[in-house]
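Here's the structure we're looking at; comments come further down.
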Amino acid sequence: MSLELTWLGHATWLLRAGEQRVLVDPFLTDNPSAEVGPAELDVDFILITHGHFDHVADAADIANRCDATVVANYEIATWFAEKQGVQRTLGMNLGGATELPFGRVKMTTAFHSSQLPDGSYGGNPGGYVVETQGKRIYFAGDTALFSDMQLIGAAGLDLAVLPIGDLFTMGPQDSALAANFLKAKKVMPAHYNTWPPIEQNANEWAELIRTQAEAEPVVPVVGQAVAI
Ligand code: NI
Ligand code: MN
């Protein structure tokens, strides 16, 4: 059983679960913090949390080159199929779960917005709880703090990936409250330092988590796999 998570910059993550590779919110080409390009990735599934460009930008190209399945809410999955020519899509919606070859994926609520890059309606934003290799990981997506995170964490979480950039999502202080709502064993920060408006100090964030939350903060370096 092997489970590794690699931060590719911003909100883009590569999960290696056994033989399966799962990409979350691919945004690489125009991502100032990314160190790999979309052509360097070989993946089986792509999970999309919402329709904003910094979460969907490279998904269609990667999906079609790799013959990967794009998993998203129904509106975004339909947009990828009909407007982006993606061959394999799976539409789902908030609260729903599905069994995929690497594990179980449940779409969770997020408080954000979700318009697609061409102005199309992108449905509701979401996050994912991924159960794989005996672990449970929560990708919050772009979201504000919300108290129902207590329900998302009720069954236990090995890791929660939370946005900390502020401005467009929750910031560091709210991420500490989120970590406590979620009762996650570990938390990782995302959606920060990509551009000046969402600059955060990761070491200060980690200290905030250590002093105000129960979870262990883990600050990944772009491109370095972390064993979960
Ligand atoms: Ni967004
Ligand atoms: Mn975003």
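Counting starts at 1 for both ligands and their atoms, following the listed order.
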>> Measuring centre to centre across the rings, with the benzene-like ring taken for any Trp, is His55 within less than 6.0 Å of His112?
In response: no
> Would you say the ring centroid of Trp7 lies under 6.0 angstrom from that of Phe139?
Replying inline: no
> Mind checking whether Trp13 and Tyr138 sit in one hydrophobic cluster, side chains of I, L, V, M, F, W, Y counted as touching below 4.5 Å?
Replying inline: yes
> Is any N, O or S atom of His55 under 2.8 Å away from the Mn ion (ligand 2)?
Replying inline: yes
>> A quick test of your reading: do over 12 heavy atoms of other residues, nucleotides or ligands sit less than 6.0 Å from OH of Tyr74?
In response: no
> Does a donor on one side chain and an acceptor on the other come within less than 3.5 Å for Thr29 and Asp58?
Replying inline: yes
> Closest N/O/S atom of Asp54 to the Mn ion (ligand 2), by atom name?
Replying inline: OD2
> Considering residues, nucleotides and ligands other than Gln150, do more than 12 of their heavy atoms fall under 6.0 Å from its CD?
Replying inline: yes
> Do any of the N, O or S atoms of His52 sit under 2.8 Å from the Mn ion (ligand 2)?
Replying inline: no
> Near Glu19 CD, under 6.0 Å, is it more than 12 heavy atoms from other residues, nucleotides or ligands?
Replying inline: no
> Taking all non-hydrogen atoms of both residues, which atom of Ala225 and which atom of Arg16 are closest, and how far apart?
Replying inline: CB-NH1, 4.4 Å
> For Asp142, what is the atom name of its N, O or S atom nearest to the Mn ion (ligand 2)?
Replying inline: OD2
>> Distances under 2.8 Å only: what protein N/O/S atoms are near the Ni ion (ligand 1), ordered by chain and residue?
In response: His50 NE2, His52 ND1, His112 NE2, Asp142 OD2
